[in-house]
Amino acid sequence: MTVSFHTELYKLIPEDHQLRKIHEVIDFSFIHELVCSSYCEYYRRPANEPELLFRLLFLQILYNPSDERMIQEAQVNLAYKWFLGLNPEDPLPDPSQLSRFRNHRLGAGAVDEVLKAVVRQCIEKGLVKSKTIIMDSTHTLAASQKQKPLEVLRDAAKRLFRVVVKKHPKLEKKLPRLPELKKDQEDAEKVMLHYLAELGQTVETLLPDHEGSISEKIRIAKAIVEDERLLAQKGILSAIDPDARFGWKSSTKSFFGYKEHIAMTEEEMITAVIVTGGSSDDGKQFKELLNQSLATGIEVDEIIADTAYSGKDNLAEMKSKGIRPVVPLNPVVHNGGLRQEGFEYNKDADFVICPAGEHSTRKAVQGSKKSGESRSLVFYFDTEKCKTCPLREGCLKPGAKSKTYSIRIVAEHFKEQIEFENSNTFKERIRRRPIIEHKNAELKRFHGMTKAKYRGLFRMRIQAILTAFVVNVKRMVKLKEQMQPAS
Ligand code: SF4
């Protein structure tokens with residue numbers, strides 16, 4: 001870039017401006033290497049394009065405007081232009097380049113490296129010293145509303161039909177037509193389900209080498225047709241955002257969207273982010289969160305988390321790696337008995353969710369305290385729902401008056417952990433856990449994580465990881481300031 005005399009204007013930006021501090025603390029040049037493989041070497045691009053676009057994405061998450069608004073703001077905001085490394089009179093890229101860079105250049109692979117890059121820079125600067133990580137999850141509402149099964153089916157069919165006709169107009173006459181349904185038609189869902197399956201098969205026969213948006217719509221149609229929980233409104237709930245799921249915040253509050261599973265150091269530096277549908281079990285993400293954190297280069301000798309992470313496999317994993325588990329036990333989560341496939345305990349709501357997506361309606365303890373080993377927690381399901389459930393075979397015994405799911409309470413397997421849980425060290429260390437809740441609140445309150453900006457798990461993941469990157473950089477600035485002696 002040729003420096004113009006207009007850059008004199010940059011002297012107007014205050015020395016303590018947030019963007020000056022950020023520029024000082026983080027080196028963004030790592031992004032060139034991360035995305036270089038996605039650029040065609042014969043396709044000439046300005047050498048600084050990846051860093052310019054990445055800095056624009058950074059500003060967008062930091063200040064939260066839309067793609068178009070971001071470019072408009074950056075055009076006239078002196079501090080933004082300086083941060084982007086442009087002259088005041090330089091033009092900005094088209095807003096469409098932002099989404100292209102986000103989805104195609106960063107995509108699913110490079111975006112993980114972005115988080116690693118910031119944590120590594122923190123380690124190099126001596127900003128991360130603790131060997132403790134704290135884990136938790138938070139949720140983000142989907143960008144679209146949940147739909148009834150008939151709407152899901154009809155929408156998926158219309159979208160598939162439309163995309164095929166748009167790309168291959170000559171095929172329109174060969175595709176089956178959308179059935180006309182009567183008002184309150186009893187078998188409307190079944191008719192539409194049959195139509196979607198037929199449409200999908202026809203498109204696959206007519207276009208065996210389909211790709212791009214047609215493949216994507218066929219994938220969605222297949223997932224919907226094969227979803228046994230669709231008609232019970234427990235599986236796919238949106239044809240527009242089929243990855244979003246129904247989850248529970250408590251026994252009475254639910255949400256439709258995604259969950260972000262997060263690990264961070266005691267210095268509040270996020271080391272791992274996993275995004276799943278809203279219904280997923282927190283404890284199951286434990287191993288991946290730990291592995292992602294270790295891949296950043298940090299050392300881990302202690303993990304602080306809530307009861308959802310106290311499953312016996314997680315405790316065993318920590319033990320095998322010499323990690324101290326500051327994780328309160330929960331008899332339901334760390335059960336010693338056999339688990340029936342597909343049943344999951346939700347610690348926020350304190351109920352068990354069955355493979356059909358129904359949740360238990362009450363809980364009871366069976367067995368006397370004195371008998372110790374034989375005590376069980378029994379979760380009861382609504383048998384009226386079981387009777388019409390598509391998954392009842394093998395789950396509800398014929399003629400059974402109730403459907404229960406029992407978990408044996410086997411305390412002595414966890415004797416060591418129970419003793420540790422009663423120690424002063426445990427009580428003192430578990431007090432550090434709420435700091436991750438403050439981090440979750442920061443992600444939502446200031447950086448748009450309350451609601452997904454885009455649809456689908458792929459894009460939600462990019463949003464979550466880039467947001468974690470921005471929040472980490474903000475934290476770097478704070479930690480650096482704390483390191484400097486007060487003048
Ligand atoms: S039979 Fe009942 S408990 Fe079993 S999957 Fe169906 S609704 Fe759930």
Side-chain angles (χ1 to χ4, degrees), residues 22 31 35 50 52-75 77 80 83-84 92-115 118 137-147 155 159 213 216 220 236-247 249 255-262 270 272-280 439-474:
I22 287 170
I31 201 68
V35 299
L52 170 67
L53 291 170
F54 188 69
R55 281 175 179 259
L56 272 165
L57 288 182
F58 181 91
L59 286 175
Q60 190 181 19
I61 291 170
L62 189 63
Y63 299 117
N64 217 6
S66 65
D67 287 3
E68 286 77 15
R69 191 69 201 261
M70 183 64 246
I71 300 295
Q72 284 167 9
E73 290 287 322
Q75 193 63 59
N77 187 311
Y80 291 4
F83 181 73
L84 294 169
L92 279 146
D94 188 83
S96 63
Q97 269 188 267
L98 270 188
S99 64
R100 214 171 301 139
F101 183 76
R102 192 169 39 228
N103 298 329
H104 300 296
R105 307 283 177 229
L106 284 178
V111 79
D112 287 330
E113 299 301 316
V114 161
L115 197 58
V118 67
S137 76
T138 183
H139 69 276
T140 298
L141 303 178
S144 59
Q145 299 287 326
K146 67 179 164 117
Q147 299 172 300
D155 242 33
R159 290 162 77 84
S213 51
E216 175 63 6
I220 294 172
I236 295 178
L237 288 166
S238 166
I240 304 157
D241 196 349
D243 299 327
R245 288 289 181 279
F246 194 67
K249 292 191 260 179
F255 69 95
F256 176 59
Y258 295 92
K259 258 192 188 180
E260 292 83 42
H261 307 267
I262 291 172
I270 298 174
V273 177
I274 297 171
V275 181
T276 61
S279 59
S280 93
K439 185 62 57 181
N440 289 338
E442 181 187 354
L443 293 167
K444 288 183 172 190
R445 239 180 111 198
F446 303 112
H447 304 291
M449 287 299 289
T450 304
K451 192 168 180 186
K453 289 185 180 143
Y454 320 100
R455 290 162 186 159
L457 194 59
F458 173 82
R459 289 179 175 78
M460 184 66 242
R461 205 167 150 260
I462 297 173
Q463 181 186 338
I465 295 175
L466 289 181
T467 308
F469 176 89
V470 170
V471 168
N472 273 358
V473 174
K474 277 171 67 188

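The analysis underlying the following values was restricted to heavy atoms, covering all of them including side chains, and did not include hydrogens, waters or symmetry mates.
Residues Asp94 and Ser96 come closest through the heavy atom pair OD2-OG, 2.6 Å. Closest heavy-atom contact between Thr450 and Lys444: OG1-O, 3.3 Å. Here the shortest heavy-atom pairing between Leu466 and Leu57 reads CD1-CD1, 4.0 Å. Smallest separation of non-hydrogen atoms from Gly277 and Leu457: N-CD1, 4.4 Å. Nearest heavy atom pair, residue Ala464 against residue Val275, reads CB-CG2, 3.6 Å. Shown here for Val273 and Ala468, the closest heavy-atom pair between the two residues is CG2-CB, 3.8 Å.
Leu141 contributes atom CG, which lies 12.0 Å from atom NZ of Lys146 (distance to the nearest 0.5 angstrom). Here the straight-line distance linking atom NZ of Lys259 with atom NZ of Lys249 works out to 12.0 Å at 0.5 Å rounding. If you take CG on Asp241 and OG on Ser144, they are separated by 4.5 Å, rounding to the nearest 0.5 Å. Going from atom CG of Leu59 over to atom CZ of Phe54 covers 11.0 Å, rounded to the nearest 0.5 Å. Atom CG of residue Asn77 and atom CG of residue Leu84 lie 9.5 Å apart, to the nearest 0.5 angstrom. The distance from atom CZ of Phe469 to atom CG of Leu62, rounded to the nearest 0.5 Å, is 11.0 Å.
Classification of Asp112 and Arg461 as a salt-bridged pair holds, one side-chain N sitting under 4.0 Å from a carboxylate O. Salt bridge annotation for Glu442-Lys474: present, with a cationic side-chain nitrogen under 4.0 angstrom from a carboxylate oxygen.
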* Can Leu53 and Arg102 be said to form a side-chain contact (heavy atoms from CB on, under 4.5 Å), step by step? -> CA-CA 9 Å; Leu53 291 170; Arg102 192 169 39 228; over 6 Å; no
* List the steps and the verdict of side-chain contact (heavy atoms from CB on, under 4.5 Å) for Ile274 and Ile262. => CA-CA 7 Å; Ile274 297 171; Ile262 291 172; over 6 Å; no
* To do: Start with the C-alpha distance between Ile31 and Phe101, add both sets of side-chain angles, then the distance that settles side-chain contact (heavy atoms from CB on, under 4.5 Å), and finish with yes or no.
  => CA-CA 11 Å; Ile31 201 68; Phe101 183 76; 4.3 Å; yes
* **Evaluation steps, side-chain contact (heavy atoms from CB on, under 4.5 Å), between Tyr454 and Met460** => CA-CA 6 Å; Tyr454 320 100; Met460 184 66 242; over 6 Å; no
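Looking only at distances, no side-chain donor or acceptor of Gln463 sits under 3.5 Å from a matching main-chain atom of Met449. Not a single donor-acceptor pair under 3.5 Å links the side chain of Asp67 to the backbone N or O of Leu98. Within the 3.5 Å criterion, the main-chain N or O of Val35 finds no donor-acceptor partner in the side chain of Glu113. A donor-acceptor contact shorter than 3.5 Å is absent between the side chain of Arg455 and the backbone of Ala452. No donor-acceptor pair closer than 3.5 Å links the side chain of Ser280 to the backbone N or O of Thr276. Under the 3.5 Å distance criterion, the side-chain polar atoms of Gln60 are left unmatched by any main-chain donor or acceptor of Met70.
Between Ile71 and Leu56 there is a side-chain heavy-atom pair separated by less than 4.5 Å. At a threshold of 4.5 Å between non-hydrogen side-chain atoms, the residues Asp243 and Phe458 do not count as touching.
Atom CD of Gln145 has 12 or fewer neighbouring heavy atoms from other residues, nucleotides or ligands inside a 6.0 Å radius.
His104 and Ser99 share no side-chain donor-acceptor pair at under 3.5 Å. Between the side chains of Lys453 and Asn64, at least one donor-acceptor pair of N or O atoms lies under 3.5 Å. Of the N and O atoms on the side chains of Glu260 and Ser137, not one donor lies less than 3.5 Å from an acceptor on the other residue. Residues Thr140 and Lys451 have side chains that never bring a donor and an acceptor to within less than 3.5 angstrom of each other.
A parallel orientation is assigned to the rings of Tyr80 and Tyr63, their planes being inclined by less than 30° (bins at 30° and 60°).
Cation-pi contact between Arg55 and Phe83: present, with separation from the ring centre below 6.0 Å and deviation from the ring axis of at most 45°.
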